[in-house]
Amino acid sequence: MPDQNPLPNPTLRVIPRDQHNVSRRDISPNALRVLYRLRDAGFGAYLVGGAVRDLLVGGSPKDFDVATDATPEEVRQLFRNCRLIGRRFRLAHVVFGREIIEVATFRSNSDDGSGDRETHEGGRLLRDNVYGTIEEDAVRRDFTANALYYAIEDFSVRDYTGGFEDVRNRLMRLIGDPETRYREDPVRMLRAVRLSAKLGFEVEAATAAPIPVLAPLLAESAPARLFEECLKLFLSGHAVDSFLGLERHGLLATLLPETAQALRANRSGALRRMLLEGLAGTDRRVANGEPVSPAFLFALLLWPAYCRALITLQSQGVHAVEAQRRAADRVTVHQLGMIALPRRFSGPMQEIWLLQSRFSLRQRKRVMRMLSHPRFRAAYDFLGVRLAASSEHADDVEFWREAQLDPEHAGLMQRRGADADPDLADGDDGAGDEGRPRKRRRRRRGAPVASGE
Ligand code: ATP
Ligand code: MG
């Protein structure tokens, strides 16, 4: 059993206004309103967490969290536009139109014997519902960079864990004993990778060291929470760096086990190239303010697993169309044990996969039907990602690009060029190299892919 009191003794360092760059100009006016009102009522009021960290590195925070010594009820009495949420831990939400300022009362992780905090046998934190001091609030946070407080009373930054130096040195460092903190909450391993990808930080050595060993603990975290964390990892504009971080720290094999296996088996690296290409495209879309979808993301992340499952089924003699359907189901079901991908995303994800083999079918009727398929555009974009990793799909991409512009004529065009089945060979050991012609697999073509046809 790990040490139950892994947290260091906090010592306060005050960084005065003239020694840091957190400026009220960069803080949401609504957050400032909340801070000032709390202070005027005689409470301590601080901006805390990701917002202070992001402002210190010159970024623009996506939300502003406030910490205070006022209880949730006291906060509610100060703001008419306030509602209390959370059963496990009560938080105040102060609502300004579409912006919500979350106001949390300082809390402690120490067991005061009230039974309000229970610890799981393996060291996992189940409840932490005890109010505390600002010092206690600081050390129960995950990383030192996330435990900085901007005080509205004198515009100083209060640092209890060495976070100010760590932000300067661009380090993600866990507060306290890393192994214990990961056992309390294994998602912190993903947060280490995600936040360092987002901020361009290194994971500090002692913080990084236990991750490859403890990675399997992630399987104990709630699948719904892991889904949310995946969206943050891959749909916040830092998907490539997040993916490389997961690989480097040995987390990929736990988070996406079948994809990790497929990537290892694919010696040519074509599948990994394709995946990285797709993630880079996702990052570009986020940077341009274009929408990104979880269905497309998971189609990408699980494509290697799908290709590999498909090969296995086909080598067992399962007919192509049936193999595609079964591979899609198998990969989805296996992955669901780890990450709760909601059905509204897994359905379209599978459609994106299954439509890939239809890009080779060019009879007029099929072309028209394909063009009007609700998932056509996503599937076509996916084909584009496959092209980026393998020139073999150039002919199909060209055909369908023209088909969208001029469906009537496209429908009459003759099919040219290469076999457009999914990258079967890409999933195979050693095969599927770029520029090298793939082994053609002879199989009946023209069979419908989606069910209901
Ligand atoms: P971002 O919002 O940019 O993804 P963040 O650090 O603000 O990053 P949140 O999930 O919004 O992340 O959490 C807000 C704060 O709550 C964190 O900065 C940290 O202080 C604390 N926190 C979040 N998750 C944990 C955790 N698993 N363990 C301990 N503290 C946490
Ligand atoms: Mg945040």
Side-chain angles (χ1 to χ4, degrees), residues 6-8 10 27-28 31 46-68 86 88-89 91 93 99-110 117 119 123-130 132 134-150 157-164 166-167 172-178 180-201 207 211 214 217-218 220-222 225-226 228-239 241-242 245 286:
L7 302 176
I27 299 174
S28 138
Y46 305 85
L47 194 66
V48 68
V52 181
R53 176 200 69 209
D54 290 355
L55 290 172
L56 282 172
V57 297
S60 38
K62 60 177 165 38
D63 43 39
F64 293 86
D65 295 337
V66 168
T68 179
R88 204 183 100 179
F89 191 82
L91 289 171
H93 275 182
E99 190 180 16
I100 292 176
I101 306 298
E102 190 170 288
V103 184
T105 305
F106 296 140
R107 59 174 137 151
S108 140
N109 264 353
S110 62
R117 179 172 186 270
T119 311
R124 198 150 52 93
L125 216 53
L126 295 181
R127 302 181 64 203
D128 50 351
N129 201 3
V130 184
I134 187 169
E135 289 85 357
E136 290 168 324
D137 190 76
V139 295
R140 59 107 194 152
R141 292 176 184 274
D142 47 6
F143 301 97
T144 61
N146 287 347
L148 294 166
Y149 297 73
Y150 170 83
V157 170
R158 313 275 172 103
D159 177 4
Y160 297 90
T161 64
F164 192 75
D166 284 338
V167 170
M172 290 309 294
R173 183 198 307 272
L174 266 178
I175 299 170
D177 171 56
T180 311
R181 302 303 314 276
Y182 290 136
R183 285 188 186 280
E184 282 177 355
D185 180 5
V187 171
R188 289 173 182 152
M189 294 187 274
L190 295 181
R191 288 176 55 85
V193 166
R194 172 168 73 81
L195 293 171
S196 42
K198 162 176 159 164
L199 300 161
F201 282 21
T207 298
I211 297 181
L214 299 182
L217 292 180
L218 268 184
E220 290 172 19
S221 302
R225 186 163 172 225
L226 292 181
E228 292 301 322
E229 199 58 34
C230 278
L231 298 187
K232 291 190 189 173
L233 275 161
F234 296 111
L235 298 183
S236 307
H238 309 278
D241 287 338
S242 290
V286 173

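When a ligand or atom number is given, it counts from 1 through the structure's own listing order.
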Quick check on ligand 1: any N or O pairs to the protein under 3.5 Å? One line per pair.
| unit_1 | atom_1 | unit_2 | atom_2 | d |
| --- | --- | --- | --- | --- |
| ligand 1 | 2 (O) | Lys62 | NZ | 2.7 |
| ligand 1 | 3 (O) | Arg53 | NH2 | 3.0 |
| ligand 1 | 3 (O) | Lys198 | NZ | 2.5 |
| ligand 1 | 4 (O) | Lys62 | NZ | 3.4 |
| ligand 1 | 4 (O) | Arg194 | NH1 | 2.7 |
| ligand 1 | 4 (O) | Arg194 | NH2 | 3.4 |
| ligand 1 | 6 (O) | Arg53 | NH1 | 2.8 |
| ligand 1 | 8 (O) | Arg53 | NH2 | 3.3 |
| ligand 1 | 10 (O) | Arg191 | NH1 | 3.1 |
| ligand 1 | 12 (O) | Arg191 | NH1 | 3.4 |
| ligand 1 | 12 (O) | Arg191 | NH2 | 3.3 |
| ligand 1 | 18 (O) | Gly50 | N | 3.3 |
| ligand 1 | 20 (O) | Arg141 | NH1 | 2.9 |
| ligand 1 | 20 (O) | Asn146 | O | 3.0 |
| ligand 1 | 24 (N) | Arg191 | NE | 3.4 |
| ligand 1 | 24 (N) | Arg191 | NH2 | 3.4 |
| ligand 1 | 27 (N) | Asp185 | OD2 | 2.8 |
| ligand 1 | 28 (N) | Arg188 | NE | 2.9 |
| ligand 1 | 28 (N) | Arg188 | NH2 | 3.0 |
| ligand 1 | 30 (N) | Asp142 | N | 3.2 |

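- Note on residues 189-199: pairs passing side chain to side chain donor-acceptor pair (under 3.5 Å), not counting sequence neighbours, are Asp54-Lys198, Asp142-Arg191, Arg194-Glu229.
- Partners of Asp65 according to the salt bridge (charged side-chain N to carboxylate O under 4.0 Å, His left out) rule, which considers only residues two or more places apart in sequence or in another chain, do not exist here.
- Between Phe64 and Leu47 the shortest side-chain heavy-atom distance falls below 4.5 Å.
- Atom OH of Tyr46 and atom OG1 of Thr68 lie 8.5 Å apart (nearest 0.5 Å).
- Considering only heavy atoms from C-beta on, Asp137 comes within 4.5 Å of Tyr149 through its side chain.
- Every side-chain hydrogen bond (donor to acceptor under 3.5 Å, both in side chains) that Ser28 has, sequence neighbours left out, goes to Glu99.
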